[in-house]
Enquirer: 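One structure, pasted below without further comment.
Residue numbers start from 1 in every chain, and the chains themselves are labelled A, B, ... in the order their sequence lines are given, proteins ahead of strands.
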2 protein chains.
Amino acid sequence: MRTMTKKKGASALPLNTILAGDCIEAMNSLPEASVDLIFADPPYNLQLKGDLHRPDNSRVDAVDDHWDQFSSFAVYDAFTKAWLKAARRLLKPDGAIWVIGSYHNIFRVGATLQDEGYWILNDVVWRKSNPMPNFRGKRFTNAHETMIWASKSEGAKYTFNYEALKALNEGIQMRSDWVLPICNGGERLKDSNGDKAHPTQKPEGLLHRILVGSTNPGDVVLDPFFGTGTTGAVAKMLGRDWIGIEREEAYREVAARRIASVRKYDREALQVSTSKRAEPRVPFGQLVERGMLRPGETLTSPSGKIAKVRADGTLIGDDVKGSIHQVGAHLEGAPSCNGWTYWHFRREGKTVSIDVLRQQVRAEMVERTH
Amino acid sequence: MRTMTKKKGASALPLNTILAGDCIEAMNSLPEASVDLIFADPPYNLQLKGDLHRPDNSRVDAVDDHWDQFSSFAVYDAFTKAWLKAARRLLKPDGAIWVIGSYHNIFRVGATLQDEGYWILNDVVWRKSNPMPNFRGKRFTNAHETMIWASKSEGAKYTFNYEALKALNEGIQMRSDWVLPICNGGERLKDSNGDKAHPTQKPEGLLHRILVGSTNPGDVVLDPFFGTGTTGAVAKMLGRDWIGIEREEAYREVAARRIASVRKYDREALQVSTSKRAEPRVPFGQLVERGMLRPGETLTSPSGKIAKVRADGTLIGDDVKGSIHQVGAHLEGAPSCNGWTYWHFRREGKTVSIDVLRQQVRAEMVERTH
DNA sequence: TGTATACATGAATCTCAGC
DNA sequence: GGCTGAGATTCATGTATAC
């Protein structure tokens, strides 16, 4: 793990520590555009009528304030807007946020996210495999919670480790509904009385998937409602830096102890499957320059189209010339075409994809860097 | 089916008919406190830009209809507020509403519901068994839509047929996540060209579950965005009265024809509603996420081969990385390999097959869903 | 007629480096 | 910031066609 601070202009980032106090004040004390990912599990005790605080941290009194539904929503909205604004200031331009909630608060959180300029990428449902049943039989078993994943703004280049998530899901694209058990058993932290240390401790599996999917090793992850520190624990295991903010001293103590006992995974284990987009580009012309394909040689497509290689690495067909992609797209009447997988050549009586040659070139590039 | 009107004071209720025109005006023309349930599938306000192509270059037929275009969130919010207000006036005191949407609009709808005085009872997730994938690999598969179920006000005595829903669910309490296929095949209505008659037709199984669960025979069900009339068709089958409102004449015609051909208690519809559950497929990655195996941990094979677990649920061996099956096959020089029975780990001095862990996960899933 | 293969399609905010 | 061009990217299901 790196040192405790990262310099960013004049300010320092208190990495891998738990900050005490109100999350809005704490976030405002940190340098802007310094965090890669925020995970937030904000309070949503709206309908319990009590223990709700205004943005200025004064407590709302249900009786004195003539509590009603409307005023309670207004107060909650103001609180939500304030912390989402502070969080957005902290995010790097290509950073992202995850917020988790239930039907009590998630609609207000989602609307505020949109109003504040975040760009929703997905809503993801955590489908609990072992939920608490609805004992009174008056409603459906509350068997899920909703998470919203959003980038700082529209058009941002957010991190999404598509291949790693696909690998986690046994080769099938990861869906927006995740089946995971609730946090219990040995993972559930207990206080000295043997009671649960925190009412809504999130399972580490949830954070594992979020952090593997939307951060890279070395990224900075901030959790403004740290609780017992699940975010910090999983971030440490996965080689990400983390910052927690928590108001309650009892939670901070439990979290600190918990994270101290966590080990980081081996560096090798943190390497995940990568996309082809991350591979170095190989110009087709290089295959010609290197003599892997001869100018004048004929390439064929699975659909039986034909083109000839020219000395400058372009192709020429019956009535078209251009790059391997352009000629392929034209011959197929398609909007685009990946020429690397489309075109084939003959060697020793066999038809071979030109992509095999690209892979050879790439393999040599790797060899040379060792 | 009863007569076409129900007297309610001086006004009459146009039962089992489709009203033409704007839904807000039409609702305002109906008597207040006269409807038992409202099901609404409002425009989602998708903001699609260019065309989208599948990897095979075919073009996706997008929802680009004029009725889904709104110039801003403010305009969409005003529209939402107006129709929810009109709808609430129509509801009997113990009536309820269901609204369906996606992340584009559902947060705004949910917040407006709360602001207008509705009381949210559950959010229910429709998990699509066969969603359209994310073709560019940039986000999670959009595999669900969200429905909000709300009573007219807090404390209302809404209808909830707990036992009927439990029976639909093979004797287990119905959860807040429903697995149902999207509407296609014979159920999907086509126009005279053979194209889909409506871009977003909902499956009858969804409405079946909603109406069985939250109405009684003889209740009045209103749908202000009637489309091709799924709500009316299922209401008729189930012996509920219905009122549809639809602005587009083409949709009204399709809906009228469809409902005319429906018989009460249609066997086929009941069949649809009890569609099969998700198979308990367990990706290897889930064992890692859930902490049953640790990234960096070594797995062994009966033949003495070795590989290490990575954070994304892939394995890495001496000169190979990939899924448990791929790495096993490569190390054995075999065309294929069942990684579940091939790989083993050590616990308490013993060598255990990873398949034991899969069986543990499966046992938990089966326990809760059957 | 039965089986195997090919094709079509679904509420979608779906690329990115380099100039 | 805008433009150009390389080149990466899909799962489940129903229907049509081929053999």
Enquirer: Would you kindly give the CG-to-P distance between B/N184 and D/dT13, to the nearest whole Å?
Expert: 9 Å

Enquirer: Less than 3.5 Å between a donor and an acceptor, one on the side chain of A/T341 and one on the base of D/dA8, is that the case here?
Expert: no

Enquirer: Under 4.0 Å, heavy atoms only, any strand: does B/K196 hit a base, just the sugar-phosphate, or nothing?
Expert: sugar-phosphate

Enquirer: Can you find a side chain N or O atom of A/Y158 that sits less than 4.0 Å from OP1 or OP2 on C/dC14?
Expert: no

Enquirer: Take the protein atom CZ of A/R358 and the nucleotide atom P of D/dA6, then report the distance between them rounded to whole Å.
Expert: 13 Å

Enquirer: Could you tell me whether the phosphate oxygens of C/dA11, OP1 or OP2, come under 4.0 Å of any side-chain nitrogen or oxygen in B/N45?
Expert: no

Enquirer: Quick check: on DNA chain D, is the nucleotide nearest B/G137 upstream (toward 5') of the one nearest A/R175, or the reverse? Name the residue that is more 5'.
Expert: B/G137

Enquirer: Going by distance alone, is a donor N or O of one side chain under 3.5 Å from an acceptor N or O of the other, for B/S102 and B/H104?
Expert: yes

Enquirer: Evaluate side-chain hydrogen bond (donor to acceptor under 3.5 Å, both in side chains) for A/S353 paired with A/R358, printing each intermediate quantity in order.
Expert: CA-CA 9 Å; A/S353 166; A/R358 181 170 64 162; over 6 Å; no

Enquirer: Whole-Å distance between C/dC14 P and B/R54 CZ?
Expert: 15 Å

Enquirer: With sugar-phosphate meaning primed atoms plus P, OP1 and OP2, does B/S102 contact a base, only sugar-phosphate, or nothing at under 4.0 Å between heavy atoms?
Expert: nothing

Enquirer: Return yes if a side-chain donor-acceptor contact under 3.5 Å exists between B/D312 and A/S273, otherwise no.
Expert: yes

Enquirer: Between the side chains of B/R252 and B/E246, is the shortest nitrogen-to-carboxylate-oxygen separation below 4.0 Å, so that they form an ion pair?
Expert: no

Enquirer: Checking base pairs now: Watson-Crick or wobble, both atom distances under 3.5 Å. What partners C/dA4?
Expert: D/dT17

Enquirer: Is there a Watson-Crick or G-U wobble partner for D/dT9 with both distances under 3.5 Å, and if so, which one is it?
Expert: none

Enquirer: By the 4.0 Å heavy-atom rule, please label A/L121 as base, sugar-phosphate, or nothing.
Expert: nothing

Enquirer: Please work out if B/T141 contacts a base, only the sugar-phosphate, or nothing of the nucleic acid, heavy-atom cut-off 4.0 Å.
Expert: nothing

Enquirer: Is it the case that A/H144 and A/D177 place a side-chain donor and acceptor less than 3.5 Å from each other?
Expert: no

Enquirer: Under 4.0 Å from OP1 or OP2 of C/dC16: is there any side-chain N or O of A/K157 that close?
Expert: no

Enquirer: Taking any heavy-atom pair under 4.0 Å as a contact, classify B/D64: base, sugar-phosphate, or nothing.
Expert: nothing

Enquirer: Hey, is A/W119 doing a stacking thing with C/dT13, by the 5.5 Å centroid and 30° angle criteria?
Expert: yes

Enquirer: B/T200 has a side chain; which of C/dA11, D/dT9, C/dT13 sits nearest to it?
Expert: C/dA11

Enquirer: Tell me: CD1 of B/I182 to P of D/dA12, nearest whole Å?
Expert: 12 Å

Enquirer: For B/E187 and C/dT9, what is the distance between atoms CD and C1' respectively, to the nearest whole Å?
Expert: 16 Å

Enquirer: For A/W149, which of A/Y118, A/W178, A/F160 qualifies under ring-ring contact (aromatic ring centres under 6.0 Å, His included)?
Expert: A/F160

Enquirer: Below the 4.0 Å mark, does D/dT9 have OP1 or OP2 next to a side-chain nitrogen or oxygen of A/S275?
Expert: yes

Enquirer: So for B/R136 and D/dA8, does any side-chain atom that can act as donor or acceptor lie under 3.5 Å from a complementary atom in the base?
Expert: yes

Enquirer: Given atom CE of B/M132 and atom P of C/dG10, what is their separation to the nearest angstrom?
Expert: 8 Å

Enquirer: Given D/dG7, is OP1 or OP2 found less than 4.0 Å from the side-chain N or O atoms of A/H325?
Expert: yes

Enquirer: Within the pair B/K202 and C/dA11, is there a side-chain N or O less than 4.0 Å away from OP1 or OP2?
Expert: no

Enquirer: Under 4.0 Å between any heavy atoms, over every strand shown, what does B/G186 touch: base, sugar-phosphate, or nothing? Just pick one.
Expert: sugar-phosphate

Enquirer: I would like to know whether B/R108 and B/D77 meet salt bridge (charged side-chain N to carboxylate O under 4.0 Å, His left out); could you show each step before the answer?
Expert: CA-CA 7 Å; B/R108 316 204 75 86; B/D77 289 347; 2.7 Å; yes

Enquirer: For atom C1', what is the distance between D/dG7 and C/dC14, given to the nearest Å?
Expert: 15 Å

Enquirer: For the side-chain contact (heavy atoms from CB on, under 4.5 Å) test, which of B/T146, B/L206, B/I210, B/I106 pairs with B/I100?
Expert: B/L206

Enquirer: Sort out the partner of C/dT13 for me: Watson-Crick or G-U wobble, both distances under 3.5 Å, none otherwise.
Expert: none

Enquirer: Could you classify C/dT13 for me, syn or anti, using a glycosidic angle within 90° of 0 as syn?
Expert: syn

Enquirer: Between C/dT13 and B/R139, counting only base atoms on the nucleotide and side-chain atoms on the residue, is there a donor-acceptor pair under 3.5 Å?
Expert: yes

Enquirer: Strictly below 4.0 Å: does A/Q326 bring a side-chain N or O up to OP1 or OP2 of D/dA6?
Expert: yes

Enquirer: P atom, D/dT9 versus C/dG10: distance in rounded Å?
Expert: 24 Å

Enquirer: Distance between the C1' atoms of C/dC7 and D/dT10, in whole angstroms?
Expert: 15 Å

Enquirer: In terms of heavy-atom contacts, does CZ of A/R310 have more than 12 from other residues, nucleotides or ligands at under 6.0 Å?
Expert: yes

Enquirer: Please determine if a side-chain N or O atom of B/K138 lies less than 4.0 Å away from the OP1 or OP2 oxygen of C/dC16.
Expert: yes

Enquirer: Can you tell me if the side-chain N/O atoms of A/S323 get under 4.0 Å from OP1 or OP2 in D/dA6?
Expert: yes

Enquirer: When we call it a touch if two heavy atoms are under 4.0 Å apart, what does A/E163 touch: a base, just sugar-phosphate, or nothing?
Expert: sugar-phosphate

Enquirer: When you compare C/dT13 with D/dT13, how far apart are their C1' atoms, in angstrom units rounded to a whole number?
Expert: 26 Å

Enquirer: By nearest heavy atom, map A/Y162 and A/R281 onto DNA chain D; which one lands nearer the 5' end?
Expert: A/R281

Enquirer: Without decimals, in angstroms, what is the distance between A/K276 NZ and D/dT10 P?
Expert: 9 Å

Enquirer: How many Å lie between CG on B/D68 and P on C/dA12, as a whole number?
Expert: 11 Å

Enquirer: Measuring only the C1' atom in each nucleotide, how far is C/dA11 from D/dT15? A whole number of Å is fine.
Expert: 23 Å

Enquirer: If you look at every strand shown and take non-hydrogen atoms under 4.0 Å, does A/P283 touch a base, only sugar-phosphate, or nothing?
Expert: nothing

Enquirer: So what does B/N134 hit on the nucleic acid, given a heavy-atom distance under 4.0 Å: a base, only sugar-phosphate, or nothing?
Expert: base

